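In this text, all values refer to a predicted model and were calculated from it rather than measured experimentally.
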Amino acid sequence: MERARPLARRPLVTLLTAAALAASGLTALTSAARAADADLARNGGFESALDGWTCTAGTTVTSPVHSGTTALKATPAGADDARCAQTVSVRPDSQYTLSGYVQGTYVYLGASGTGTTDVSTWAQSAPAWQQLTTTFRTGPSTTKVTIYTHGWYGTGAYHADDISLTGPGGETGQPPAAPGGLKTGSVTFSGVALSWSPVPGATGYAVYRDGTKVSTVTGTSTTVTGLTPSTAYSFQVTAVNEAGESARSATVTATTAQRPDDGGSSDLPAHALVGYLHASFANGSGYTRMADVPDSWDVIDLAFGEPTSVTSGDIRFERCPVAECPNVESDAEFKAAIKAKQAAGKKVLISIGGQNGQVQLTTTAARDKFVSSVSAIIDEYGLDGLDIDFEGHSLSLNADDTDFKNPKTPVIVNLVSAVKTLKAKYGADFVLTMAPETFFVQLGYQYYGTGKWGGQDPRAGAYLPVIHALRDDLTLLHVQDYNSGPIMGLDNQYHSMGGADFHIAMTDMLLTGFPVAGDANNVFPPLRPDQVAIGMPASTNAGNGHVSPAEVTKTLNCLTKKSDCGSYATHGTWPALRGLMTWSINWDRYSNWEFQKHFDAYFG
């Protein structure tokens, strides 16, 4: 949220011309494979979904197909060329033929890590299925190569099918034995600890929850998080090495604990209305006194606490000056009004950040200053907690930070540490909310940080490690479903602002969970519905992406009742969805309280 929001930024990639592509030296070669050679590509026809393949933006479709029942569809966008790849065991100093069928514009098929000359072939335009073939010889010590297909930036979806790599098979050995000794450890309301015996020859382990793979680990223990309180789950593990995956272990079960009465929800009503109050500026909407905020607003975020400098960690909250807000109340009146709201069951938080409040906790000293300065604000005004509204360049990921479950970028690690310290200081009643933009959350389904091959915006998905690390402390996540570019949903289609569809798709991602950067082995677990509110602009003045009350109704009907859903198919129904957030209370007052009135009418 901000005082005058520009459109959200997007990474730009310059599209190469066809002439430049033609000059890249890529050639198409043909060669007949020896009859005795095997097809070494795993699931080359994509009949088993994306098993064996790692794709940045791929899915399987039933039409068009070259043979069988399914084929690959991958959609380049932004800084991603929609690469799908797999690593194959080969023999040194041996001849191989790589072949496949493609449709689309600028579609590539190639092999890397050959130990000699890496090869690639491409189709500039293939409106119908076109076969691509190339050959290579492995180096004297090469035992693995990576085969891949990809498109080109911004040129639309491509299709691929029946990819084969023929030649002598490498020494792959045997998959490991199934793990034994699987048992549960500590069980909380949202997580179950698991451990098992090591398996000789295993390089890692896959963890399954209720039959679905949820994570891969290298050790022999893990904690499965993001679970629903008072719910029974079953777990299995498999052992993995370069030859494949073992059979699954015996099943163990566990039932998560009941959520403590004082945890997470912080006495909020079943359906809550959250709004930002312009406490330090007017922004053209006029100043609204705390005492004049209607009782419909359950959570009031004071906008904003801002740092003395980007990296200082020293947060200050300055009341709106009389010159800008002639009707501003005194500090004593402001504090008294906060107490009155709290006595009526409302929560009042300090929101840190906004457009102008860039916060980068690059050092432990900045982290500690953040804790002490935010505590001073909370104590002075008697607030209930903290809202994190870091925007712009506050959060970004280092190039080597690729696992959202184990972040190592200082600005991420220090923020998580600071918030946990505040939570420990103020106890279970401390209210923690976050208001990231879609670029920092849902975009993580396609892109995470700079990406495996670099070149992506390092801020993409950068809120995911913060949300994940603090999910057991998090009261509400209300992503800003506005001032956003198109975002790909779980249906692998792009969704744009302006109607219920965008809110439905973005919220479904939070409540269903999603693979980060398309990696099925690295899934961001779903949040509980009571932790999620939908962020919307209060009016056309407040931000891009405002929708009419009718579209708000469609959104809520779809997510809580599975009606009025339109073309997007949700992955569940969540009557416990917490509610709505808006930017802002001031702008809603400016528009005759349209947003508040609709919330009251819908939820009664």
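Proximity of a side-chain donor or acceptor of Thr231 to a complementary backbone N or O of Pro229 within less than 3.5 Å is detected. Looking at Gln236, its side chain never comes within 3.5 Å of a backbone N or O of Val252 through a donor-acceptor pair. In this structure, Tyr445 contributes its side chain and Asn492 its backbone to no donor-acceptor pair below 3.5 Å. Using modelled atom types, no side-chain atom of Asp93 and backbone atom of Gly139 make a donor-acceptor pair closer than 3.5 Å. Not a single donor-acceptor pair under 3.5 Å links the side chain of Asp401 to the backbone N or O of Pro407. Side-chain N or O atoms of Asp501 include none that pairs as donor or acceptor with a backbone N or O of Ala505 at under 3.5 Å.
In this structure, the salt bridge (charged side-chain N to carboxylate O under 4.0 Å, His left out) partners of Lys144, at least two apart in sequence or on a different chain, are Glu242. Residues that satisfy the salt bridge (charged side-chain N to carboxylate O under 4.0 Å, His left out) test with Lys213, not counting sequence neighbours, are Glu245. In this structure, the salt bridge (charged side-chain N to carboxylate O under 4.0 Å, His left out) partners of Asp51, at least two apart in sequence or on a different chain, are Arg42. In terms of the side chain to side chain donor-acceptor pair (under 3.5 Å) criterion, Tyr233 has no residue partners (sequence neighbours excluded). With sequence neighbours excluded, the residues that form a salt bridge (charged side-chain N to carboxylate O under 4.0 Å, His left out) with Lys420 are Asp473.
Within the structure, the salt bridge (Lys or Arg N to Asp or Glu O under 4.0 Å) test picks out the following pairs touching residues 407-416 (sequence neighbours left out): Asp400-Lys408.
No more than 12 heavy atoms of other residues, nucleotides or ligands lie within 6.0 Å of NZ in Lys183, so this atom counts as exposed by the packing criterion.
The minimum heavy-atom distance linking Leu477 with Pro436 is given by the pair CD1-CD, 3.6 Å. Residues Ala239 and Ala202 share a closest heavy-atom pair of CB-CB, 3.9 Å. Contact between Lys405 and Val214 at its shortest, heavy atoms only, is NZ-O, 3.6 Å. Of all non-hydrogen atoms in Gly489 and Met509, the two that sit nearest each other are CA-SD, 3.9 Å.
Looking at Ser234 and Asp210, their side chains do bring a donor and an acceptor atom within 3.5 Å of each other. For the residue pair Thr438 / Ser484, a side-chain donor-acceptor distance below 3.5 Å is found, with atom types taken as modelled. Side chains of Gln86 and Thr54: a donor-acceptor N/O pair is absent below 3.5 angstrom, by distance only. Judged purely by distance below 3.5 Å, without hydrogens or angles, the side chains of Ser67 and Asp162 pair a donor atom with an acceptor atom. No side-chain N or O of Thr60 forms a donor-acceptor pair with one of Lys73 less than 3.5 Å apart. Side-chain contact annotation: Thr138 with Thr114, donor-acceptor N/O pair under 3.5 Å absent. A donor and an acceptor atom, one from each side chain of Ser99 and Gln131, are located under 3.5 Å apart.
Summarising the geometry, atom CZ belonging to Arg248 is positioned 7.5 Å from atom OG1 belonging to Thr238; distances are rounded to the nearest 0.5 Å.
Taking the six-membered ring where tryptophan is involved, the planes of Phe404 and His468 are perpendicular, since the angle between them exceeds 60° and thus also 30°.
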Exercise. Step by step, work out the side chain to side chain contact (heavy atoms under 4.5 Å, CB included) result for Leu510 and Val479.
Key: CA-CA 9 Å; Leu510 301 176; Val479 175; 4.0 Å; yes
Exercise. Show your working on side chain to side chain contact (heavy atoms under 4.5 Å, CB included) between Leu50 and Thr59 and close with a plain yes or no.
Key: CA-CA 7 Å; Leu50 297 179; Thr59 187; 5.5 Å; no
Practice problem: Evaluate the side chain to side chain contact (heavy atoms under 4.5 Å, CB included) criterion for residues Tyr494 and Gln446: first the C-alpha distance (whole Å), next the side-chain angles of each, then the deciding distance (0.1 Å), finally the verdict. | Solution: CA-CA 11 Å; Tyr494 284 95; Gln446 280 187 281; 2.9 Å; yes
Exercise. Apply side chain to side chain contact (heavy atoms under 4.5 Å, CB included) to Leu577 and Thr507, showing your working.
Key: CA-CA 10 Å; Leu577 179 74; Thr507 308; 4.2 Å; yes
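For the pair Arg137 and Tyr96, the cation-pi criterion (under 6.0 Å, within 45° of the ring axis) is not fulfilled.
Using a cut-off of 4.0 Å between Lys/Arg side-chain N and Asp/Glu carboxylate O, Asp530 and Arg528 are scored as salt-bridged. Contact check on Arg83 versus Asp81 returns no salt bridge, with no Lys/Arg side-chain nitrogen under 4.0 Å from an Asp/Glu carboxylate oxygen.
Under the 4.5 Å side-chain criterion, counting only non-hydrogen atoms from C-beta, Trp129 is in contact with His159.
Aromatic pair Tyr158/Trp152: centroids not less than 6.0 angstrom apart.
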